[in-house]
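Just so we're clear, the structure is a prediction, and the values are computed from it rather than from any experiment. Here is how names work: the chains are called A, B, and so on, in the same order as the sequence lines, proteins then strands, and each is numbered from 1.
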Protein chains: 2
Amino acid sequence: MHDMVDDISSLAPIEKQTLHDQVASQLRDLIIEGVLEPGSRIDETALVERLGVSRTPFREALRTLAAEGLVVIRPSKGSIVRKLGAGEVHSMLEVLAEIERLAGRLACERASDAEIAELLDIHDRMISLYRTRDRLPYYKLNQLFHSRVAAVSRNATLVEVQANIQSRLKRIRFVGNRKPEDWANAVADHEQMAAALRTRDGEALGEIMAVHLVRTWDRVKDSL
Amino acid sequence: MHDMVDDISSLAPIEKQTLHDQVASQLRDLIIEGVLEPGSRIDETALVERLGVSRTPFREALRTLAAEGLVVIRPSKGSIVRKLGAGEVHSMLEVLAEIERLAGRLACERASDAEIAELLDIHDRMISLYRTRDRLPYYKLNQLFHSRVAAVSRNATLVEVQANIQSRLKRIRFVGNRKPEDWANAVADHEQMAAALRTRDGEALGEIMAVHLVRTWDRVKDSL
DNA sequence: ATTTTGTATGTTGTATACAAAATTAAGGGC
DNA sequence: GCCCTTAATTTTGTATACAACATACAAAAT
């Protein structure tokens, strides 16, 4: 049954999803969740078969993912899931740190009170998930927190760059935080973020968000 | 007639450019140079005809440029050259400022003496082009300077993000610096960059590069 | 036994063909 | 004249077909 619509203004144009877009987001998920392993070949014939689409939209999707840095297309030799070396991961974290520093600063300047409250709410839920050691939900909420900080900074380019680097790193970051003390340290960082948010101290928030990513590097560097 | 090859080691593997890649870089040039105007529709049939390729590699190239943010593909309604609003340009400069601040800092830490010398050489050439008011060559050398700073910072992600934002802004920035005093101010900024480079003062270089971009916004904001 | 050459197979790149939209043009009523 | 409806035309999305290329394997030669 459909929900009633009281107001015509709430009617958003129904999004037309092309096959290309659907394939692209499906592949993105497969890569981020690690179903398609880094370095492994992307079997066009098999996946095309499995997804029930022709090669044309599939290959267009591959181009998109290549531009996003998730796959590498080697001319005439097939595509592989991009495998990140330690150097590349480090370079991403280095850039992401400055992006998030900016995000933190702008968020405190530009977010509404309601948006700050929303961020703090996410934070609280993270803490209770930490208490019960629910790792996967914590991880997801953590991603959401960082995305939302970017969003309320009201800078579209920042959101885009953050999302892009974030998606490339997703797999790696999930592997981190395995050691209990690592997780505890990460939570401590987040408590500082919450404190900075409450006082709208942009410099402090930016600083701790940047530091948090430097520490992320320390946490994951050995598993590369 | 072919040149003689004395030595087999001088034989480099012949580069195979796919049509996709060639089309993509051609289109990029057409967009950046403004031959295809922002907001205008990209006539697939006409361009395909003109480039002498089929629609398949052409459309793949469009997907790539869409992911790069140079074109917008509206499902079933054709593609247009992305038109940047004032807000978007501002958001890009805001992010680029922090990227270049990082680049300046890392360049001073990591570049070799030869690389610093190379940057200073570019700077000197820019100054002499300024003296003779050679606007286009100055502009190109300016782009090169910023790209090279990013390159010697030895951070692949930084290079990628910088190049991406830079290419989106190329058109807009060329329009700026039209007023003589604007250009003079830009040159003054660059003198400070050179000074910081000579002493390898990363913080100072980063700061002036960031400030330079804030000033760029002041220069271009009215023409949007 | 090892390298080389030829052939076969599969995979990738590009072109064409077809179907579904969307845009434009044409006609008819008011 | 203008607006609406409907037909014609173009444009877009997807599938298929073909060609170019790379890889794998087998046979021949060193």
Side-chain angles (χ1 to χ4, degrees), chain A residues 8 11-28 30-31 35-83, chain B residues 8 11-28 30-31 35-83:
Chain A
I8 201 152
L11 268 169
I14 59 155
E15 50 180 271
K16 179 163 318 188
Q17 281 259 67
T18 64
L19 280 188
H20 158 91
D21 290 312
Q22 298 180 60
V23 171
S25 65
Q26 290 244 9
L27 280 180
R28 237 189 306 264
L30 289 176
I31 290 171
V35 181
L36 297 173
E37 285 173 31
S40 72
R41 225 174 75 74
I42 295 173
D43 189 340
E44 214 173 282
T45 343
L47 282 174
V48 155
E49 167 83 7
R50 201 138 124 26
L51 295 173
V53 298
S54 81
R55 286 179 63 213
T56 312
F58 183 87
R59 301 191 89 243
E60 286 180 7
L62 274 186
R63 293 289 181 196
T64 301
L65 299 207
E68 288 173 10
L70 289 175
V71 312
V72 178
I73 299 178
R74 304 162 306 176
S76 299
K77 291 185 155 190
S79 309
I80 58 175
V81 179
R82 180 162 171 194
K83 188 171 185 173
Chain B
I8 203 160
L11 232 53
I14 62 158
E15 52 176 275
K16 48 203 109 174
Q17 280 252 72
T18 64
L19 281 186
H20 158 90
D21 290 312
Q22 298 180 59
V23 171
S25 64
Q26 290 244 9
L27 280 181
R28 239 189 305 266
L30 288 177
I31 291 172
V35 180
L36 298 174
E37 285 173 31
S40 71
R41 204 170 136 283
I42 295 174
D43 188 341
E44 214 173 282
T45 342
L47 282 175
V48 153
E49 168 82 7
R50 203 138 123 28
L51 295 173
V53 297
S54 81
R55 288 178 63 214
T56 312
F58 183 87
R59 301 189 91 243
E60 285 181 7
L62 274 187
R63 293 290 182 194
T64 301
L65 299 206
E68 288 172 9
L70 290 175
V71 311
V72 177
I73 299 178
R74 301 161 309 173
S76 300
K77 293 188 154 192
S79 309
I80 57 174
V81 178
R82 180 162 170 192
K83 187 170 187 173

ask   = Sequence neighbours excluded, which residues qualify as side chain to side chain donor-acceptor pair (under 3.5 Å) partners of E60(B)?
value =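 For E60(B), the residues satisfying side chain to side chain donor-acceptor pair (under 3.5 Å) (neighbours in sequence not counted) are R59(A), R63(A).
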Tabulate below the donor-acceptor pairs under 3.5 Å that side-chain atoms of residues 45-53 of chain B make, not counting sequence neighbours, or state none.
{"from": "T45(B)", "atom 1": "OG1", "to": "D43(B)", "atom 2": "OD1", "distance (Å)": "3.4"}

Roughly, in whole Å, what's the span from [atom1] in [X] to [atom2] in [N]?
X      : N       : atom1 : atom2 : result
D21(B) : dT12(C) : CG    : C1'   : 14 Å
R74(A) : dC21(D) : CZ    : C1'   : 14 Å
L47(A) : dT12(C) : CG    : C1'   : 15 Å
E44(A) : dT16(D) : CD    : P     : 15 Å
F58(B) : dT16(C) : CZ    : P     : 16 Å
E60(A) : dT12(C) : CD    : C1'   : 16 Å
I42(A) : dG10(C) : CD1   : P     : 21 Å
I73(B) : dT11(D) : CD1   : P     : 17 Å

request  = Counting heavy atoms from C-beta on, name the nucleotide in dT14(C), dA21(C), dA15(D) closest to the side chain of L19(B).
outcome  =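 Of the options given, the side chain of L19(B) lies nearest dT14(C).
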inquiry  = From the set dT14(C), dT14(D), dA15(D), return the single nucleotide nearest to any side-chain atom of V53(A).
reply    =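 The closest nucleotide is dA15(D).
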ask   = In terms of the nearest nucleotide of DNA chain C, which residue is placed more toward the 5' end: K77(A) or T56(A)?
value =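 Looking at the nearest nucleotide for each, K77(A) comes out on the 5' side.
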message = For E68(A), is there an ion pair with R28(A) - N to carboxylate O distance below 4.0 angstrom?
response =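 The answer is yes: the pair qualifies as a salt bridge.
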task = Give none if dA26(C) has no partner; otherwise give the nucleotide forming a Watson-Crick or G-U wobble pair with it, both distances under 3.5 Å.
result =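 dT5(D) is the nucleotide pairing with dA26(C).
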query = Across all strands, who's sitting opposite dA28(D) as a Watson-Crick or G-U wobble pair, both distances under 3.5 Å?
reply =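 By the stated definition (distances under 3.5 Å), dT3(C) pairs with dA28(D).
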message = Please identify which of these residues, I80(B), I31(B), L27(B), T64(B), meets the side-chain contact (heavy atoms from CB on, under 4.5 Å) condition with V71(B).
response =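 Output: one option passes, namely I31(B).
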key: Which residue lies more 5' along DNA chain D, comparing R55(A) with H20(A) via nearest heavy atoms   =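 Its nearest nucleotide being more 5', the pick is H20(A).
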message = Counting only side-chain nitrogens and oxygens, does S54(B) get under 4.0 Å of the OP1 or OP2 atom of dA15(C)?
response =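 Answer yes for this pair, as a side-chain N or O of S54(B) is under 4.0 Å from OP1 or OP2.
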query = Can you check whether R41(B) has a side-chain N or O nearer than 4.0 Å to OP1 or OP2 of dT12(D)?
reply =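 R41(B) to dT12(D) OP1/OP2: side-chain N or O found under 4.0 Å.
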request  = For atom CD of Q22(B), decide whether the heavy atoms of other residues, nucleotides or ligands shown that lie under 6.0 angstrom number more than 12.
outcome  =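 Correct, the count exceeds 12.
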